[in-house]
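Structure first, then comments.
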Amino acid sequence: MAEAYNHKLIEKKWRANWEKNPVNVDDGKKPKYYCLDMFPYPSGNGLHVGHWRGYVISDVWSRYKMQQGYYLIHPMGWDAFGLPAENYAIKMGVHPAKSTAENVANIKKQINEIAAIYDWDREVNTTDPEFYKWTQWIFVKMFKAGLAYQKEMPINWCPSCKTGLANEEVVNGRCERCGAEVTKKNLNQWMLKITNYADRLLADLDKLDWPEKVKKMQTDWIGKSYGAEVDFTVENTDRKITVYTTRPDTLYGATFMVLAPEHAMAKDLATDETRADVEKYIYDASMKSNVDRLQDKEKTGVFTGSYAINPLNQAKIPIWLSDYVLADYGTGAIMCVPAHDDRDFEFAKKFHIPIIQVIAKDGKEIEDMKEAYTEANGTMINSGEWNGMESAVLKKEAPLIIEKKGYGRKTTNYKLRDWVFSRQRYWGEPIPIVHCEKCGPVPVPEEELPLLLPEVEKYQPTGTGESPLADITDWVNTTCPCCGGPAKRETNTMPQWAGSSWYFLRYVDNKNKEALVSKEKADKYLPVDMYIGGVEHAVLHLLYSRFYTKFLYDIGAVDFDEPFVKLFNQGMITGKNGIKMSKSKGNVVSPDDLVRDYGCDSLRLYELFVGPPELDSEWDDRGIDGVYRFLNRFWKMAVSSIEANPQPTKEMIKLRHRMVYDITTRLESFSLNTVVSGFMEYNNKMIELSKQQGGIDKETLETAVILLSPFAPHIAAELWERLGHEGENVFTVGWPEYEEDAMKDDEIEIAVQINGKTKATVSLAADADKDTAVAKAKEALGSKLSGNIVKEIYVPGRIINIVAK
RNA sequence: GCAGGAGUGGCGGAAUGGCAGACGCAUCAGACUCAAAAUCUGACGUAGGUGACUAUGUGUGGGUUCAAGUCCCAUCUCCUGCACCA
């Protein structure tokens, strides 16, 4: 009776072994492979099976690379500053430093249960002063480069989190973190000039081996458009209003102009008759939240009483205010061509403004226009000297024509805005700036960094727009590094994204006191070859990281300008009916019990087996029995094979090569769920072959164990030892290779069809010629074949199809 | 509204244009057992037939092809992202 599979004993034994004998060692000769997980923030809830999946995927991939001869950079760390950690601390009534440390310890313990080969010597924590020293250093460098600046403006304000937010953190008018409605608040903010990098951030997407979806999301977020600015004069004045348009070809069709209510000139355009209405409209608009403004489908507006003059034809058009025009895009003012824009059309209809068609649709003017004709496709009409031109051509040429005539200029625009970088919260990196009345904002000298986050009693957000740090007068009051006079410290802190925008650089040189990362180590270990994580950071962390990396490249800190060569987004694990796992829904599945009952190896396999790694999957506990049974059967087959030690048969050799081929190709294409089913298939076949001689041959078994080692490391290590390799590291023996010739069958089964419908199967030599194959097929079909044979198709190794009438 | 992804048994899912449903879960039957669990063997899309078998079948409707889950056109549903960006 063969010894049964005991996951508890095996896993305990090997866990202890690996602690003493690390499997991933840098001998200085191996090439590096950097496989990175998006580092977690240390939440109090711990890990659920969904977090596990990402870590298992990255570990399997890492171990595969290790098996191929790479030295791995496979680190882990903690994104521990920021709102989630701080909000948790406030809820629990403890200091965030304390709760963060506790949560880190707890999650680290849970992560170790995965048996991933993280190199804990490389661990980083964004709240560690030795780490945030460099987060602050980057800010100082950006300040010196003119990329960090202050601006007073109405920003997105989360009344629940009591802090300002970046555009990227506002989702459908709500706070990305807590879901509260975002309002506007006028604050003096630190901004990062990410817009300086808009073109490079857009263009370099082409270099990246990333999911198309993420590239598209970033492209849309950057939102580059081409067009022209056109200057209109306000009638009877010498004041100008500049509008931005992507459709200068339709300039003759402009019948009115609309300004955002926040436009600097909005109030001034009012006349005595309209002043009351205009001021009321501006006030009402200022009171609306983002959510309201988005939900108001129906257009509203007010006529200012003033008119603008179209520089092209001197036409006099009314100037309106409406909140459908955004203040912070383009110039905050637009020319409106109702005939060729849906929004302008709707507005014109509602307020009875004339509509002039300037592009012929299907060669003619539309009589009773029911909707705008928005395509730039047709001949120009009602357009003076432009009449007869093709709209598509004019669209491209008009910006230059307008520029030459002095009516405006060719421009590009971006949806991307500068990054609101300050937070009115305690738990973040202090912004290393000192405000001096004489010298203005002065950066803390680099040699004085880190600027420590002071200990405080009261760390709750104030809600006033000031950070809790503002209360610590003896911290705030300081001297100017420049002139030595009295000065005050900046009291806002950085957003959570500050640390996560560059942490991956620090892993490879995490103890360096002289530099963010040494030149030598950066060149040797960076950039990241494979980055694995959820898709939720597509326009947040992934965009910010690219921006930071480009900046660090520009100042010569690193030698590459894209941080992540390849990106893989794993799908989410949800509870029943696709509902996101959360504590409040009560559908969180904890991995702890599953590890106890089935073992780490089983759970690792099942995490992959639930479905394609890139898609969301519903978790169903029952399925884990299947992989657990597989491991039991594999174990039983293996130990009895070791005992029987049979000579390899032709069948076994063939199976070995095919197994290597199948597992490798599936793994290479990241089809990890079918790798697991492949193991099951081949195990079933090995069990079948075992029946003849009490087992399968040693080499085939060894091959299977190596193939399995990245997926189920404990059982693989144990069986490798039992196969006579005591003291050897199964994880670095090398990935097995296959030979095409050894996989081939001499005789194959092939389907025989009549008119595309399978009617029989025949077995014939793999290299049989057409005549032989067709003859055999006809024989097998016998009386089923009737009528005239029109065509005989034979695809060797695939099919025989006889077309008969 | 725009863009992307997906629709295959009771369920999760598999199929370089070539025998649809691999692999697994659940279910049912049998073996072992005093019994249960575990394990092993088998059945398992639908309809008809005792049966070998026959017909039918990958959201819906067309098309290309000797051959379509796969390619093309149209259409419906669901999910994700963006959303008055001029």
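Here the structure is a predicted model, which means the values were calculated and not measured. All chains are named by letter (A, B, ...) in the order of the sequence lines, taking the proteins before the strands, and each is independently numbered beginning at 1. The figures that follow rest on heavy atoms only: side chains count, while hydrogens, waters and symmetry mates do not.
Regarding contacts with the backbone of B:A86, a side-chain N or O of A:S225 is found under 4.0 angstrom from either OP1 or OP2. Contact between the side-chain N/O atoms of A:K213 and the OP1/OP2 oxygens of B:G4 is not found at any separation under 4.0 Å. Of the side-chain N and O atoms in A:R629, one or more sit less than 4.0 angstrom from OP1 or OP2 of B:U39. Not one side-chain nitrogen or oxygen of A:Y324 sits closer than 4.0 Å to the OP1 or OP2 atom of B:A86. For the pair A:N673 and B:A14, the criterion of a side-chain N or O lying under 4.0 Å from OP1 or OP2 is met. Between B:G24 and A:R622, no contact under 4.0 Å exists linking OP1 or OP2 to a side-chain N or O. Of the side-chain N and O atoms in A:N172, none sit less than 4.0 angstrom from OP1 or OP2 of B:G81.
Annotated as syn: B:G9, whose O4'-C1'-N torsion sits within 90° of 0.
For the pair A:P612 and A:E681, nearest-nucleotide mapping onto RNA chain B gives the more 5' position to A:P612. Sequence order on RNA chain B of the closest nucleotides to A:V535 and A:E749 puts A:E749 first from the 5' end.
Between the P atoms of B:U46 and B:A22, the separation comes to 14 Å (whole Å). B:C28 and B:U80 are spaced 40 Å apart, taking the C1' atom of each and rounding to whole Å. Between B:U65 and B:G18, the distance separating the two C1' atoms is 12 Å to the nearest Å.
Atom-to-atom, CG of A:D220 to P of B:G81 comes out at 14 Å; the value is rounded to the nearest Å.
A:W221 and A:E168 are linked by a side-chain donor-acceptor pair at a separation below 3.5 angstrom, with hydrogens and angles left out of the test. Counted by atom type alone, A:D249 and A:S391 present one or more donor-acceptor pairs between their side chains at under 3.5 Å.
Applying the 3.5 Å distance criterion, the base of B:C19 shares no donor-acceptor pair with the side chain of A:K757.
Within 4.0 Å (heavy atoms only), A:R417 reaches at least one base atom of the nucleic acid. Residue contacts shown for A:N801 include a base, since a base heavy atom lies under 4.0 Å away.
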Quick one: do A:D767 and A:K744 satisfy salt bridge (charged side-chain N to carboxylate O under 4.0 Å, His left out)? Show the steps, please. CA-CA 11 Å; A:D767 56 355; A:K744 284 180 184 151; over 6 Å; no
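Across all strands shown, B:U58 has no partner, as no Watson-Crick or G-U wobble contact with both distances under 3.5 Å is found.
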